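Heads up, the thing below is written out as structure tokens.
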Amino acid sequence: MVRRMLAARLFFLISQNKKRRRSPLLSIEQGDYPKSLSNMFNKNILIVTASIGSGHNKAAAAIADELRLKVPQARVTVIDFMSSQTAYLNKFMKDIYLKMLDLMPSVYEFFYKLSSDRRNGTLLQALFAYFMQRDMAALIKKSHADIVICTHPFPCAAASFLKRSGNLKFRLFTAITDFCLHQFWVYKEVDMYFVAHERVRNELIKHHIKAEHINVTGIPINRAFTKTYDRESLRQKYGLKAHMPAVLIMGGGLGLGGVRYALAQLEKLSIPLQILVVTGSNAALQRELKSYTAISRHKIRVWGYTHNVNELMAISTLLISKPGALTISEAMAMELPMILHEPIPGPESENAAYLADNGGAICIRRRENMSGIVKDLLSDAQRLEWIKKQLNRLKRPDAAPKAVEIIIASCSPSQGGNKN
């Protein structure tokens, strides 16, 4: 009986999926840039992301910005593959994922580990690709895409399926937006991978991806995180004192990541702090914390989803965050020491381990004494400087420009960059 009900539900979702073909354009505007390259790269470029958290979207936006800057003649379209406007089934899967993270994180971790196995992962990849390939085909046809760029494994699966079938011709590029590799990212049909560091490159090679199809660029981030800032002017802008430590707390785009716990731990400290909190899209958490500011011993300021994270990082002494790959990459570019905690099971745990192993962050478990670690770190100027040096060594702030240069070079007419 249960199987019949599940089958009926799946049939309904797929039928609804076929009916809904509108494309949610996150951005299709063209920049007002110099025309020196206008006649060299007249391509239709489709960037496909997934609004599961904010990291995939931010990486897609960084690549899109660089493309519009370097080749303004190109027609760049950015699509959210997990929007209900793309496909009801995709949105349904996204909702299940978010509910699972909220209510049953251990179940999500089980499926993550199960699918990371090459045998199980390959079977699930084929299943996801089959059910999603119709939506991807519709997007490619609508945008007349010569080039497809993916920043999430689901659209990469669908695009790879279409390339393998030979029904559509396009070049496929993929930016892996984690510091680790999962089986769901691995497809031989990808023309070029952009990866965070050498270890991910080596893992792809072990999965039989040719070395010449992999570039270690780093994870694409916005140019705003690569600039030099006048910190004194920013402190005045945000009403902060220069002599007092500023601690930035972030929970990712969804406002997860133990923000309440971090605040409670900092409240134990007697040393005066300026605390900056970003709650992302979690409006309820933002409202709750704003009422908390009146009773805290520290000066606290709270934002929801903000486009000024670069400025907040520039004036912060320390970042406390869950280890999302884009947040980590942005903080690395700003050389901002990090305490990482409350990872989403799976990739974020591996992101945190990579950074901790390389001296760029301190990773703690929930039951550890965060307040003591923060106190020790803020009182040890030499250790803070040492961490900054490691971040300077690890950072790859020009990932987006490098990726775009590779895309342009490999798809330009002089390189025989035709659809294939």
Side-chain angles (χ1 to χ4, degrees), residues 41 43 45 47-48 56 59-60 62-63 66-67 70 115-122 125-126 129 146-166 169-221 325-326 328-329 332 347 350-351 353-355 357-358 360 393-420:
F41 200 80
K43 301 284 187 180
I45 305 174
I47 304 177
V48 194
H56 306 289
I63 295 171
E66 289 296 329
L67 282 165
K70 288 186 167 63
S115 58
S116 65
D117 173 78
R118 195 172 300 185
R119 180 185 299 175
N120 296 325
T122 301
Q125 282 175 289
D146 305 293
I147 297 168
V148 176
I149 304 169
C150 298
T151 62
H152 188 275
F154 286 174
C156 183
S160 297
F161 183 98
L162 294 172
K163 282 203 74 173
R164 189 161 56 248
S165 68
K169 304 294 183 181
F170 55 91
R171 301 295 298 276
L172 179 58
F173 298 85
T174 294
I176 296 181
T177 47
D178 277 308
F179 289 85
C180 57
L181 181 68
H182 188 275
Q183 177 63 36
F184 264 35
W185 284 107
V186 182
Y187 298 95
K188 292 182 179 180
E189 292 76 22
V190 174
D191 293 292
M192 187 65 70
Y193 279 100
F194 305 118
V195 301
H197 55 85
E198 287 290 340
R199 194 184 304 171
V200 180
R201 177 181 181 273
N202 294 337
E203 284 297 314
L204 278 170
I205 292 172
K206 288 180 183 178
H207 284 73
H208 308 296
I209 301 299
K210 294 180 179 179
E212 58 267 29
H213 292 175
I214 312 166
N215 262 278
V216 180
T217 57
I219 295 174
I221 59 172
L326 265 290
I328 286 176
S329 298
M332 286 170 62
E350 296 185 59
N351 293 342
Y354 166 78
L355 208 58
D357 290 346
N358 285 279
R393 174 177 60 85
L394 294 170
K395 70 179 183 180
R396 296 180 185 271
D398 55 352
K402 281 186 176 180
V404 167
E405 287 169 7
I406 293 166
I407 292 168
I408 294 171
S410 62
C411 295
S412 63
S414 62
Q415 297 296 318
N418 299 321
K419 297 180 182 181
N420 57 38

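Computed from a predicted structure; not experimentally measured.
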**Message:** Do I406 and F194 have side chains that approach each other closer than 4.5 Å (heavy atoms only, starting at C-beta)?
**Reply:** yes
**Asked** Can you check whether L181 reaches H207 side chain to side chain, under 4.5 Å on heavy atoms?
**Response** yes
**L67 vs I149, side-chain contact (heavy atoms from CB on, under 4.5 Å): CA-CA, chis, key distance, verdict** = CA-CA 11 Å; L67 282 165; I149 304 169; 4.0 Å; yes
**Counterpart residues, salt bridge (charged side-chain N to carboxylate O under 4.0 Å, His left out), relative to R164 (two or more places apart)** = E189
**Request:** Grab the two heavy atoms, one from K43 and one from C411, that are nearest each other, plus how far apart they are.
**Result:** CE-O, 3.3 Å
**Message:** A side-chain contact here means heavy atoms from C-beta on lying under 4.5 Å apart; do M192 and N215 qualify?
**Reply:** yes
**Prompt:** Less than 4.0 Å between a side-chain N and a carboxylate O, is that true for K206 and E203?
**Reply:** yes
**Request:** Would you give the length of the straight line joining atom CG of D191 to atom CZ of R171, rounded to the nearest 0.5 angstrom?
**Result:** 4.5 Å
**Item:** Heavy-atom side-chain proximity of E405 to I408 below 4.5 angstrom
**Value:** no
**Request:** Considering non-hydrogen atoms only, spot the tightest contact between A159 and L172 and give its length.
**Result:** CB-CD1, 3.8 Å
**Request:** Identify the heavy atoms of A400 and A62 that sit nearest to each other, and give their distance.
**Result:** CB-O, 3.9 Å
**Complete:** For R199 and N358 the tightest heavy-atom approach is NH2-ND2, 4.2 Å
**Message:** Does L394 form a side-chain contact (heavy atoms from CB on, under 4.5 Å) with L355? I'd like the steps, not just the answer.
**Reply:** CA-CA 9 Å; L394 294 170; L355 208 58; 4.0 Å; yes
**Message:** I'd like to check Y187 versus K163 (side-chain heavy atoms, cut-off strictly below 4.5 Å). Are they in contact?
**Reply:** no
**Prompt:** Side chains of M332 and I221: closer than 4.5 Å at any heavy-atom pair?
**Reply:** no
**Request:** Give, for atom CG of D357 and atom CD of E350, the distance between the pair rounded to the nearest 0.5 Å.
**Result:** 11.0 Å
**Asked** Minimum heavy-atom separation for T217 to R396, with atom names?
**Response** O-CB, 3.6 Å
Tabulate below the donor-acceptor pairs under 3.5 Å that side-chain atoms of residues 173-180 make, not counting sequence neighbours, or state none.
residue: T177; atom: OG1; partner: H56; partner atom: ND1; Å: 3.0
residue: T177; atom: OG1; partner: T151; partner atom: O; Å: 3.3
residue: D178; atom: OD1; partner: N351; partner atom: ND2; Å: 3.1

**Message:** Once rounded to the nearest 0.5 Å, what's the spacing between atom NE2 of H208 and atom NZ of K188?
**Reply:** 6.5 Å
**Request:** Look up atom CD1 in I205 and atom CD in E212, then write down how far apart they are to the nearest 0.5 Å.
**Result:** 9.0 Å
**Item:** Closest contact, heavy atoms only, V186 versus H182
**Value:** CG2-O, 3.9 Å
**Request:** For the residue pair L204 and W185, establish whether any side-chain heavy-atom pair is separated by less than 4.5 Å.
**Result:** no
